[in-house]
Q: 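One structure coming up, written as structure tokens, with questions to follow.
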Amino acid sequence: MTQFQSIFSLIIGTAICIHLFRLRLINSKTQAKNHEDFSGELLQVGKSVVAYQKADESVTTNKQTIVCMHGWLEDHRYFSELYTSKDAELIFINSCDYHVPNKNRAPVEANWQSANPYPECTIEYDAAVLIMAVKHLASHSEILLHGHSRGGAVVIEAIKQAPELFADAQVILEAPILPEAPIGSQYRSKLVTAVVSKVIMYVFPFVAFVLAKKGLPSSAINKMGPLNERKSHLLNGLFFSATSAGVLMRNLKNMMDWPLQNKMTLLDNIQNGCILVGSSDSVLSRRLMMNSANKNKGNIEVIQTKQSSHFISLDIPEQVKTLNFS
């Protein structure tokens with residue numbers, strides 16, 4: 001064997017080992033690390049978990065059901081201090097194949113669930129879970145839908161799948177993934193865009209593996225400021241949410257496809273809603289978000305918040321909670 005053949009064989013062997021290691025990382029299960037006490041019910045719906053809590057008996061005036069969908073890498077704790085049972089009845093959806101952020105007890109199978117017709121770990125799957133939860137758990141006709149980031153896309157998709165159910169719902173889309181606002185790198189050449197996307201998807205399991213062990217570096221968290229104690233705590237747990245890197249990869253691929261497959265006309269039937277945009281956004285393109293948001297037919301208020309980032313509810317919770325956009 002010549003020197004060239006030896007080097008070539010070494011390169012091929014190394015590439016095969018890297019690829020096999022990547023496949024192992026994709027399917028390796030992570031341990032649940034995030035925890036927060038929750039006094040309501042934890043219901044297993046397919047591969048998602050719904051956190052449900054009745055309103056306190058003291059709540060006599062606000063006959064409302066608040067339905068929340070968190071963003072990518074997050075869990076229902078994103079909303080658990082913003083909304084409590086002292087405000088209204090609560091339905092928090094946790095993404096498909098994510099750890100429920102409660103290590104003290106296992107979720108109970110919901111006896112009312114039906115088969116989910118959509119692929120797992122997609123926006124469409126989580127939207128179908130949200131619809132089932134509202135149909136079987138919501139006690140009130142007045143519904144507030146609040147979705148953050150990817151969760152905003154889930155809310156829009158739920159309205160797409162069940163327009164009659166949410167015809168009168170209030171809608172908050174917080175720093176959302178919107179139709180016609182692609183995420184990731186977009187180049188003039190579709191070929192270049194496709195190649196870059198493939199490279200990102202290939203490398204991603206290695207990145208996710210490291211971050212699932214150590215969490216986000218402080219330099220990355222600092223770029224998501226302004227920071228406070230609650231926000232820092234939740235950001236530190238982002239890569240501990242999904243049960244595997246493969247889940248996050250399916251999320252990511254679907255998040256790239258969904259904005260290109262849908263139009264802003266999906267929001268035309270929202271009667272009472274707003275889109276919240278941070279004063280800065282290090283996660284999604286603020287420019288593309290605004291471009292899509294401004295395509296709405298005037299039925300949705302676009303609110304550019306101040307002193308805020310992609311995580312608006314963690315930055316200015318008191319302002320989000322007192323929104324009046326009716």
Side-chain angles (χ1 to χ4, degrees), residues 33-38 40 51 53 66-88 90-95 98-102 126 144-155 170-178 183 211 215-242 248 251 255 273-286 289-290 293 301-325:
K33 295 185 179 181
N34 295 325
H35 174 81
E36 184 174 86
D37 289 334
F38 183 75
Q53 190 162 29
I66 299 176
V67 185
C68 296
M69 183 71 222
H70 64 77
W72 190 48
L73 305 175
E74 301 165 1
D75 52 48
H76 76 244
R77 296 174 304 151
Y78 187 84
F79 296 103
S80 60
E81 285 197 354
L82 182 69
Y83 302 119
T84 72
S85 59
K86 294 181 180 180
D87 300 308
L90 304 176
I91 299 175
F92 296 154
I93 314 297
N94 288 275
S95 285
Y98 276 41
H99 296 295
V100 61
N102 189 301
D126 288 342
L144 169 64
L145 298 174
H146 186 163
H148 174 238
S149 193
R150 177 184 179 274
V154 172
V155 166
Q170 291 183 315
V171 178
I172 299 175
L173 302 175
E174 177 190 340
I177 293 177
L178 291 173
I183 71 166
L211 296 180
L216 282 174
S218 57
S219 58
I221 292 177
N222 289 335
K223 290 180 180 179
M224 299 178 187
L227 297 176
N228 54 54
E229 184 177 355
R230 175 67 174 176
K231 182 177 179 180
S232 296
H233 174 66
L234 294 185
L235 292 183
N236 273 306
L238 286 182
F239 273 86
F240 304 147
S241 296
L248 296 181
N251 286 168
M255 287 158 56
C274 68
I275 297 173
L276 302 182
V277 182
S279 55
S280 64
D281 198 315
S282 60
V283 178
L284 296 176
S285 168
R286 190 178 185 278
M289 190 186 302
M290 285 296 299
E301 184 178 0
V302 180
I303 302 175
Q304 299 189 54
T305 58
K306 297 180 179 179
Q307 295 182 319
S308 56
S309 65
H310 183 71
F311 306 93
I312 300 170
S313 286
L314 301 180
D315 295 329
I316 49 173
E318 66 289 341
Q319 294 182 47
V320 174
K321 194 167 181 176
T322 57
L323 278 173
N324 183 6
F325 51 89

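Counting from 1, the numbers follow the sequence of the chain as shown.
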Q: Roughly how far, to the nearest 0.5 Å, is OG1 of T305 from CD1 of I312?
A: 4.0 Å

Q: Given side-chain hydrogen bond (donor to acceptor under 3.5 Å, both in side chains), test R77 with S241 step by step and report yes or no.
A: CA-CA 11 Å; R77 296 174 304 151; S241 296; 5.2 Å; no

Q: Distance from L323 atom CG to E174 atom CD, nearest 0.5 Å?
A: 9.5 Å

Q: Can you confirm whether S95 sits close enough to M69 that some side-chain heavy atom of one is under 4.5 Å from a side-chain heavy atom of the other?
A: yes

Q: Can H70 and D75 be counted as having a side-chain donor-acceptor contact under 3.5 angstrom?
A: no

Q: How close do P176 and L276 get, counting heavy atoms only, and between which atoms?
A: CD-O, 4.0 Å

Q: Is S279 reaching over with its side chain to a backbone N or O of S308, donor-acceptor style, under 3.5 angstrom?
A: yes

Q: Any chance you could measure S149, atom OG, to I183, atom CD1, to the nearest 0.5 Å?
A: 8.5 Å

Q: Under the salt bridge (Lys or Arg N to Asp or Glu O under 4.0 Å) rule, collect the residues that match up with D281, sequence neighbours excluded.
A: none

Q: Which distance, rounded to the nearest 0.5 Å, do you find between the CG of D126 and the CG of N94?
A: 9.5 Å

Q: State, yes or no, whether a side-chain contact exists between H99 and F240 at a heavy-atom distance under 4.5 Å.
A: no

Q: Take H148 and F311, measure what ring pair (Phe, Tyr, Trp, His ring centres under 6.0 Å) needs, and give me the verdict at the end.
A: CA-CA 8 Å; H148 174 238; F311 306 93; 5.6 Å; yes

Q: Are more than 12 heavy atoms, taken from residues, nucleotides or ligands other than K321, located less than 6.0 Å from that residue's NZ atom?
A: yes

Q: Side chain of R286, backbone of G278: donor and acceptor closer than 3.5 Å?
A: yes

Q: Between Y98 and N251, is there a side-chain donor-acceptor contact under 3.5 Å, judged purely by atom types and distance?
A: yes

Q: For S309, is there any backbone N or O sitting under 3.5 Å from a side-chain donor or acceptor partner on D315?
A: yes

Q: Grab the two heavy atoms, one from P317 and one from L314, that are nearest each other, plus how far apart they are.
A: CD-O, 3.9 Å

Q: Angle between ring planes, H146 versus Y83, binned at 30° and 60°: parallel, tilted or perpendicular?
A: perpendicular

Q: Heavy-atom count check: over 12 atoms from other residues, nucleotides or ligands less than 6.0 Å from E229 CD?
A: no

